[in-house]
**Q** 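One structure is given below, represented as structure tokens, and several questions about it will come after.
Because only heavy atoms are used, hydrogens play no part in the values below, and waters and symmetry mates are left out as well, while side chains stay in. Each chain gets a letter, A, B and so on, in the order the sequences are listed, and its residues count up from 1.
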Amino acid sequence: MTEKTVRTRIAPSPTGDPHVGTAYIALFNYVFAKKHGGQFLLRIEDTDQTRSRSDSELAIMESLNWLGLSWDEGPDKGGPYGPYRQSERQSIYKEQAEILLEKGEAYRCFCTPEILAADREAELKSGSRRTGYNRRCRNIDAQTSAKRAADGEPFTIRLKMAVDGDSVFTDRLRGEIRRPNEELDDQVLLKSDGFPTYHLANVVDDHLMKITHVIRAEEWIPSTPKHVRLYEAFGWEKPEFIHMPLLRNPDKNKSKISKRKNPVSLKFYKETGILPEALVNFLGLMGFSFGNDVEKFTVEQMIEVFSFDNVSLGGPVFDLEKLTWLNGLYIRDLGPEELLDRVMGLYLNREYFQKIVPLVHERMRYLSDFIDSAPFFYNGDLDYSAEGNLMVPKGRTQVEMASMFEEGAEKIDALESFSASLVEEIFRTISEQKEWKIKEIFMPVRIACLGRKASPPLFECIEVIGRERIRRRLRKAAEYVRTMKMPA
RNA sequence: GGUCCCGUCGUUCAACCGGUUAGGACAGCGGCCUUUCACGCCGUAAACACGGGUUCGAAUCCCGUCGGGAUCACCA
């Protein structure tokens, strides 16, 4: 009996900052593949034309490389089953969708978004518990369907799901998972713009790329029956499914990790001085137990001992404090030269200083003022205990200021690019909308972002510090302001 | 709300297929070390969600309740 080579993949969509969740899942895919002498691949899922960003793909690759989770095949490296960018595989999906059409496993749907929305609303009003598509196009006969398509009517292609009975699949960590088929609607496979949906692209690619184990986040469990159905419709062998628990926020409810409540961008961790080996170790602690109460280990060591038998399913809370402790352990392990290299690599280097020089230049009397006057360029979080009460100007309430900071963070988040003028515009707009004086906003923001009332031009500093840290400082400031005690 | 998943200290990970004073780590608290801080070391408090079964015996197996999460798109 010949065992197939293990092949796993991480398939992020380039729609924003590289996410810790991506790194988390990548780690387990990587470790599992290496454990079994297999390959780990990177595939970019950029089939959403409206949300994909080209710079995001690069950022994902940089972050994964930073963490040492390198792939054997990918868009930058190529490989025998490329291309590894879904936008470049469009014709493949179209071809496969047509095969399904011919086999009678799928059908064209001519419903417009408007019809769909109206149907959904009507269904909601009728109190029906069904939420999915009502299959009004499922029984259009092949001839009519072909004719309407030929006449240029826009359509999507939907998968024919079973109408009754149960769908069953096996999850490596949970065993059999069963879902009634009436829950499952006829999923769109090919969108009217000709791009595939995740469901089609992921199944087609996993098959063509010979993926043997689909290791992904738990949130995919509900749609796995659709994928299973797709494999069956194609007549393809299914991979093994392994759904990892979701990383959680440190809030009361332990909701799925989100940027509102926790820094989620890998860039943040890098910029804040977390060592990649510490982060990757920490991620390995989430849901996985090394054994013998060992908590500090390298990826190599993890590969040696790894088994899904040692993965637990309670959603692990991403606890920054414990990561910080682990990071300290790794820092202390570094030799002095190595430490120096790391520190200089991060901020104490010519490139970064060049951005700071023009901002502090005219304020300096001693050369030593360079560091002393602007420590906020090098910090992660700030200490508000000294100037914190300046974040609440006279006549404004703590709650008002906290929500202003949050609004700012939110808007900064939504910016396509990050610059001094764009951030300034955000806060000027907020001041206009709220009819607050400029200084009621700028001083609090200065304290929130820089931690002191005397500083070089606020927004230029913000630009240099960067989106990740600024966003976190604003949220931290909101938290601080909301709970602080004002002097009488 | 329907469906699915999950449920051990505040957090994280243990306790092999039933028999333990339920263990380690982070955070907390107390102390030692130290000019201070940090590191390090020692100690301390802290959990089997609840209710029924099965069993001589349940954190461990079964059922129910409760709680939490995820998901219900021409997003992934």
Side-chain angles (χ1 to χ4, degrees), chain A residues 11-16 19 21-22 44-52 86 109-117 120 123-124 127-133 154-158 166-167 169 171 173-185 187-202 216-226 243-257 282-296 309-329 331-332:
Chain A
S13 64
T15 53
H19 197 279
T22 303
I44 298 293
E45 307 228 332
D46 55 351
T47 56
D48 186 341
Q49 287 299 281
T50 55
R51 296 204 310 164
S52 288
Q86 289 186 333
C109 170
F110 299 93
C111 297
T112 61
E114 292 73 35
I115 294 178
L116 259 19
R120 196 167 302 135
E123 220 163 51
L124 222 76
S128 160
R129 61 265 96 188
R130 281 214 36 162
T131 48
Y133 175 58
F155 62 89
T156 62
I157 293 180
R158 286 183 187 268
D166 286 349
S167 286
F169 72 95
D171 177 273
L173 299 171
R174 293 159 246 261
E176 252 183 29
I177 295 178
R178 180 177 299 270
R179 264 192 92 183
N181 282 326
E182 59 172 346
E183 283 287 313
L184 276 1
D185 68 347
Q187 184 59 53
V188 170
L189 262 21
L190 208 65
K191 303 181 236 180
S192 54
D193 66 2
F195 276 84
T197 58
Y198 169 83
H199 306 285
L200 208 222
N202 139 71
R216 61 192 354 174
E218 192 176 23
E219 56 188 333
W220 291 107
I221 289 177
S223 49
T224 302
K226 293 174 182 175
H243 291 95
M244 293 296 293
L246 248 18
L247 257 22
R248 309 299 182 92
N249 286 316
D251 59 2
K252 178 102 177 110
N253 287 341
K254 301 171 65 170
S255 50
K256 167 168 125 178
I257 198 166
F282 180 70
L283 257 11
L285 252 23
M286 304 277 87
F288 172 69
S289 146
F290 189 91
N292 297 115
D293 292 325
V294 172
E295 296 200 293
K296 184 163 174 285
D309 293 341
N310 297 323
V311 169
S312 58
L313 294 174
V317 171
F318 192 94
D319 179 13
L320 260 173
E321 249 172 322
K322 187 151 183 176
L323 170 58
T324 302
W325 161 77
L326 233 201
N327 199 48
L329 250 37
I331 285 178
R332 267 163 248 128

**Q** Please state how far atom CG in A:Asp185 lies from atom C1' in B:rU71, giving the value in whole angstrom units.
**A** 12 Å
**Q** Could you tell me whether the phosphate oxygens of B:rA76, OP1 or OP2, come under 4.0 Å of any side-chain nitrogen or oxygen in A:Thr47?
**A** yes
**Q** Quiz question: by atom type and distance under 3.5 Å, do the side chains of A:Ser255 and A:Asn249 form a donor-acceptor pair?
**A** yes
**Q** Between A:Ser312 and B:rA14, does any side-chain N or O lie under 4.0 Å from OP1 or OP2?
**A** yes
**Q** Does B:rU71 have its OP1 or OP2 closer than 4.0 Å to a side-chain nitrogen or oxygen of A:Lys256?
**A** yes
**Q** Hey, is the side chain of A:Lys191 poking within less than 4.0 Å of OP1 or OP2 on B:rA76, counting only N and O atoms?
**A** yes
**Q** Please report, rounded to the nearest Å, how far the P atom of B:rG24 is from the CG atom of A:Leu326.
**A** 18 Å
**Q** Which part of the nucleic acid does A:Gly287 contact within heavy-atom distance under 4.0 Å: base, sugar-phosphate only, or nothing?
**A** sugar-phosphate
**Q** Please state whether the base of B:rG23 and the side chain of A:Asp293 form at least one donor-acceptor pair under 3.5 Å?
**A** yes
**Q** Start at the 5' end of RNA chain B and walk down; is the nucleotide closest to A:Glu218 or to A:Leu329 reached first?
**A** A:Glu218
**Q** Just how far, in rounded Å, is P of B:rU71 from CZ of A:Arg178?
**A** 24 Å
**Q** Round to the nearest Å and state the distance from A:Leu313 atom CG to B:rU8 atom C1'.
**A** 14 Å
**Q** Does a distance-only test, which skips hydrogens and angles, find a donor-acceptor pair under 3.5 Å between the side chain of A:Glu295 and the base of B:rG24?
**A** yes
**Q** Quick check on B:rA76: is either OP1 or OP2 less than 4.0 Å from any side-chain nitrogen or oxygen of A:Asn202?
**A** no
